[in-house]
**Student:** 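The following block contains the structure, expressed as C-alpha cells.
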Amino acid sequence: MGFHQEENSPKMRVIRVGTRKSQLARIQTDSVVATLKALYPGLQFEIIAMSTTGDKILDTALSKIGEKSLFTKELEHALERNEVDLVVHSLKDLPTVLPPGFTIGAVCKRECPYDAVVFHPKFVGKTLETLPEKSVVGTSSLRRAAQLQRKFPHLEFKSIRGNLNTRLRKLDELQEFSAIILAAAGLQRMGWQNRVGQILHPEECMYAVGQGALGVEVRAKDQDILDLVGVLHDPETLLRCIAERAFLRHLEGGCSVPVAVHTAMKDGQLYLTGGVWSLNGAESMQETMQATIHVPAQHEDGPEDDPQLVGITARNIPREAQLAAENLGISLATLLLNKGAKNILDVARQLNDAH
C-alpha cells in the first residue's frame, strides 16, 4: 500500500472526501474522517461538499423521481473525474447495482436501524396507536407508509420531503402533520434523540435495506484507497447488509416499491426476514430464513478475482462468509417470488408510476 512510505516526505498525499451539503451528510462524513484520521495520523484529509439532484428536487415524492442514484450521481462524477477519492453515504441510498467503476469499499458499524416517530409538540407523549382518528403522519417512504397503514388504519399517511431539518420544521410549524417518521440513526447522529417519541420495532415496521449503516464509495480500481478504507468494515454489519442488499437486488426492488427487512446475527447464524407490501399495505408477504455464517475473528486475504458482491468490496473478510450472506438474500427473495411476490411488486410499481 502506497501510503506508509511517504509519511516523512514533504509532499504528503491529501485524501479528498466528497459529501452532500446537508447537515446530516456532513456529520456522517466527519465521523468517518475522524475515524480514518485516528487510524492514519500521518495522512491529511480534505472534505469537499457538493449539491446533488436529490437535494435540489424537493417538491416531488422520492419514489417518483426515478430511483436511487438521486443523491449519489454528482458525487460519483467527482469520484470518476478524480476530484475526490471517497464519498460517505447512508448505505440505504446506495443502489444494489453500482455504475461500473465504483464500489463500496467500507460498510461501517451499524447504528440503530429502526424507524422513529417524532410527534408534533401538541401530541408529545402519544404513540401512533393513541393518535386521534384521521391524524396525518408524514413519511416520504412507501415502505413505511405501506406497513404503518396496515398496522394503524386509523391514521392517514402523506408524503413529506426535504432534509431532516426541513422535515422537523414542517412538522413543528405547519399544522398539517401530527407526526413524522424518520430513521432513528439520522436523528441520533444529529443529536436529536430528545425528539424521538417512539421507536418502531420490526414487528411494527421493518426497516430499509442497509438502514443505519454508512457506506464508503470509492473507485473500484483504486487499490490504495480500497486498502485505506477497508479497515472500516464492521464484519457483522457487512454480512447483514450483504444479505439485505442481495434480497432487494434479487427482488428488483428500489425506492418505488415497498420492500423491508430485518436481520440478526446470533451464535453463528444469520437470520434474514424480508417482506413486500402493496402500496396501501393491504397485501403483504413476509418470510424468514437463516444461514450458518462464522463472523471472522481475524482478517485474511481472499482471492484476487473480481471481489464485488452487491456492489461491496471487502477483501479482509472471508469470501465464504460473504457468499453465504449473499446466498441467504437470494434464497429468501426466490422464496417470496415463488409465493407470488412479483405480482404484489408489479402492481405497486404500476400504481406508483400512475400517480
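We number each residue from 1, following the sequence as shown.
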**Student:** Within the distance-only criterion (no hydrogens, no angle test), does the side chain of Thr103 pair as donor or acceptor with the backbone N or O of Gly311 below 3.5 angstrom?
**Tutor:** yes

**Student:** Hey, is the main chain of Glu129 close enough, under 3.5 Å, to the side chain of Lys151 for a donor-acceptor pair?
**Tutor:** no

**Student:** If you take all heavy atoms of Ile344 and Ser278, which pair is closest and at what distance?
**Tutor:** CG2-N, 3.5 Å

**Student:** Are Trp192 and Ile180 in one and the same hydrophobic cluster, where Ile, Leu, Val, Met, Phe, Trp and Tyr link if side-chain heavy atoms are under 4.5 Å apart?
**Tutor:** yes

**Student:** Is a side-chain N or O of Ser141 found less than 3.5 angstrom from the main chain of Arg143, in a donor-acceptor match?
**Tutor:** yes

**Student:** Please enumerate all residues that pass salt bridge (Lys or Arg N to Asp or Glu O under 4.0 Å) together with Glu176, with sequence neighbours excluded.
**Tutor:**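 Testing Glu176 for salt bridge (Lys or Arg N to Asp or Glu O under 4.0 Å), a comparison that skips the adjacent residues, returns Lys158.
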
**Student:** Less than 4.5 Å apart, side chain to side chain, heavy atoms only: is that true for Met265 and Ile293?
**Tutor:** yes

**Student:** In this structure, would Met206 and Ile199 fall into the same cluster of hydrophobic residues linked by side-chain contacts under 4.5 Å?
**Tutor:**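 Different hydrophobic clusters.
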
**Student:** Ignoring hydrogens and angles, state whether a donor on the side chain of Gln223 or Asp227 is under 3.5 Å from an acceptor on the partner side chain.
**Tutor:** yes

**Student:** Which atom names give the shortest non-hydrogen contact between Ala282 and Arg150, and what distance separates them?
**Tutor:** O-NH1, 2.8 Å

**Student:** Is there a donor-acceptor pair under 3.5 Å between the side chain of Glu204 and the backbone N or O of His201?
**Tutor:**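 Checked: pair present.
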
**Student:** Which atom names give the shortest non-hydrogen contact between Leu164 and Leu187, and what distance separates them?
**Tutor:**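 Heavy-atom minimum between the residues: CD1-N, 4.2 Å.
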
**Student:** Checking the side chain of Thr237 only, and the main-chain atoms of Arg110 only, is there a donor and an acceptor separated by less than 3.5 Å?
**Tutor:** yes

**Student:** Can you tell me how far apart CG (Leu148) and CG (Leu200) are? Round to the nearest 0.5 Å.
**Tutor:**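 Nearest 0.5 Å value for the CG-CG distance: 6.0 Å.
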
**Student:** Spell out, yes or no, whether Tyr40 and Leu226 are grouped together once hydrophobic residues are joined by side-chain heavy atoms under 4.5 Å, including indirect joins.
**Tutor:**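 In one cluster: yes.
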
**Student:** Could you give the distance from CZ (Arg20) to OG1 (Thr29), rounded to the nearest 0.5 Å?
**Tutor:**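 Taking CZ in Arg20 and OG1 in Thr29, the distance rounds to 10.0 Å.
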
**Student:** Return yes if some donor-acceptor pair links the side-chain N/O of His120 with the main-chain N/O of Lys122 below 3.5 Å, else return no.
**Tutor:** yes

**Student:** Determine whether Leu168 and Ile181 fall in the same hydrophobic cluster, where Ile, Leu, Val, Met, Phe, Trp and Tyr are linked whenever their side-chain heavy atoms lie under 4.5 Å apart.
**Tutor:**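 Leu168 does not cluster with Ile181.
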
**Student:** Looking at Glu111 and Ala185, what are the two nearest heavy atoms and their distance?
**Tutor:**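 Taking every non-hydrogen atom into account, CB-CB, 4.2 Å.
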
**Student:** With heavy-atom distances below 4.5 Å as the criterion, would you say the side chains of Lys126 and Val117 are in contact?
**Tutor:** no

**Student:** Would you give the length of the straight line joining atom CZ of Phe177 to atom CD of Glu156, rounded to the nearest 0.5 angstrom?
**Tutor:**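 Rounded to the nearest 0.5 Å, the CZ-CD separation comes to 11.5 Å.
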
**Student:** Can you check whether Ala25's main-chain N or O pairs, donor with acceptor, with Ser22's side chain at less than 3.5 Å?
**Tutor:** yes

**Student:** Before giving the answer on side-chain contact (heavy atoms from CB on, under 4.5 Å), spell out for Thr313 and Gln308 the whole-Å C-alpha distance, their side-chain angles and the decisive distance to 0.1 Å.
**Tutor:** CA-CA 5 Å; Thr313 302; Gln308 280 204 47; 3.4 Å; yes

**Student:** What's the spacing between Leu337 CG and Lys339 NZ if we round to 0.5 Å?
**Tutor:** 11.5 Å

**Student:** Do Ile242 and Tyr271 sit in the same hydrophobic cluster, where Ile, Leu, Val, Met, Phe, Trp and Tyr count as joined when their side-chain heavy atoms come under 4.5 Å apart?
**Tutor:**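 No, Ile242 does not connect to Tyr271 through the hydrophobic network.
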
**Student:** Considering only heavy atoms from C-beta outward, does the side chain of Ser178 approach that of Leu155 to under 4.5 Å?
**Tutor:**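 Counting from C-beta outward, Ser178 and Leu155 never come under 4.5 Å.
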
**Student:** Would you indicate whether the side-chain heavy atoms of Leu171 and Arg195 approach each other to under 4.5 Å?
**Tutor:** yes

**Student:** Of all the heavy-atom pairs spanning Ala208 and Lys92, show the shortest one and how long it is.
**Tutor:** CB-CD, 4.0 Å

**Student:** Hey, are Thr130 and Thr127 close enough side-chain-wise for a donor-acceptor pair under 3.5 Å?
**Tutor:**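 Yes, a side-chain donor-acceptor pair sits under 3.5 Å.
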
**Student:** Tell me, with the steps shown, if Leu36 and Ile15 meet side-chain contact (heavy atoms from CB on, under 4.5 Å).
**Tutor:** CA-CA 10 Å; Leu36 286 170; Ile15 309 297; over 6 Å; no

**Student:** Whether the side chain of Gln44 engages the backbone of Val14 through a donor-acceptor N/O pair (distance < 3.5 Å, no angle test) should be reported.
**Tutor:** no

**Student:** Heavy atoms, side chains only, cut-off 4.5 Å: are Arg319 and Leu309 in contact?
**Tutor:** yes

**Student:** Are any of the side-chain heavy atoms of Pro99 and Glu76 separated by less than 4.5 Å?
**Tutor:**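 Answer yes - side chains close enough.
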
**Student:** Between Gln23 and Asn163, is the side-chain contact (heavy atoms from CB on, under 4.5 Å) condition met? List the steps.
**Tutor:** CA-CA 8 Å; Gln23 191 185 350; Asn163 59 37; over 6 Å; no

**Student:** Let me confirm one number: the CG-CZ distance from Leu142 to Arg349, rounded to the nearest 0.5 Å.
**Tutor:** 11.0 Å

**Student:** Check whether any side-chain N or O of Ser135 sits under 3.5 Å from a backbone N or O of Pro132 as a donor-acceptor pair, and report yes or no.
**Tutor:** yes

**Student:** Quick one: OG1 on Thr166 to CZ on Arg169, what's the gap to the nearest 0.5 Å?
**Tutor:**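 If we round to the nearest 0.5 Å, Thr166:OG1 and Arg169:CZ are 5.0 Å apart.
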
**Student:** Which atoms form the tightest heavy-atom contact between Phe247 and Ala260, and what is the distance?
**Tutor:**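 That closest heavy-atom pairing would be CE2-O, 4.0 Å.
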
**Student:** Within the structure provided, determine whether Val196 and Gln188 are in side-chain contact (heavy-atom separation under 4.5 Å).
**Tutor:** no

**Student:** Could you label the plane-to-plane angle of the Tyr114 and Tyr207 rings as parallel, tilted or perpendicular, counting under 30° as parallel and over 60° as perpendicular?
**Tutor:** tilted

**Student:** Decide if atom CD of Gln193 counts as having more than 12 heavy atoms of other residues, nucleotides or ligands within a radius under 6.0 Å.
**Tutor:** yes

**Student:** I would like to know whether Gln286 and Thr273 meet side chain to side chain donor-acceptor pair (under 3.5 Å); could you show each step before the answer?
**Tutor:** CA-CA 7 Å; Gln286 55 192 81; Thr273 302; over 6 Å; no

**Student:** Holding to salt bridge (Lys or Arg N to Asp or Glu O under 4.0 Å), I want the full list of residues that pass it with Asp85, two or more places apart in sequence or in another chain.
**Tutor:**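 Checked Asp85 against salt bridge (Lys or Arg N to Asp or Glu O under 4.0 Å); matches are Arg13, Arg16, Arg219.
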
**Student:** Could you tell me whether the side chain of Glu252 reaches within less than 4.5 Å of the side chain of Val257, counting heavy atoms only?
**Tutor:** no

**Student:** Closer than 3.5 angstrom, by distance alone: can the side chain of Arg144 be matched with the main-chain N or O of Thr139 as a donor-acceptor pair?
**Tutor:**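 No: the side chain of Arg144 does not pair with the backbone of Thr139.
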
**Student:** Going by side chain to side chain contact (heavy atoms under 4.5 Å, CB included), Val87 matches just one of Ile104, Thr19, Leu75. Which one?
**Tutor:** Leu75

**Student:** Taking atom types as modelled and ignoring hydrogens, do the side chains of Thr96 and Arg249 form a donor-acceptor contact shorter than 3.5 angstrom?
**Tutor:** no

**Student:** Taking it one step at a time, do Ile312 and His233 satisfy side-chain contact (heavy atoms from CB on, under 4.5 Å)?
**Tutor:** CA-CA 10 Å; Ile312 299 171; His233 273 306; 4.0 Å; yes

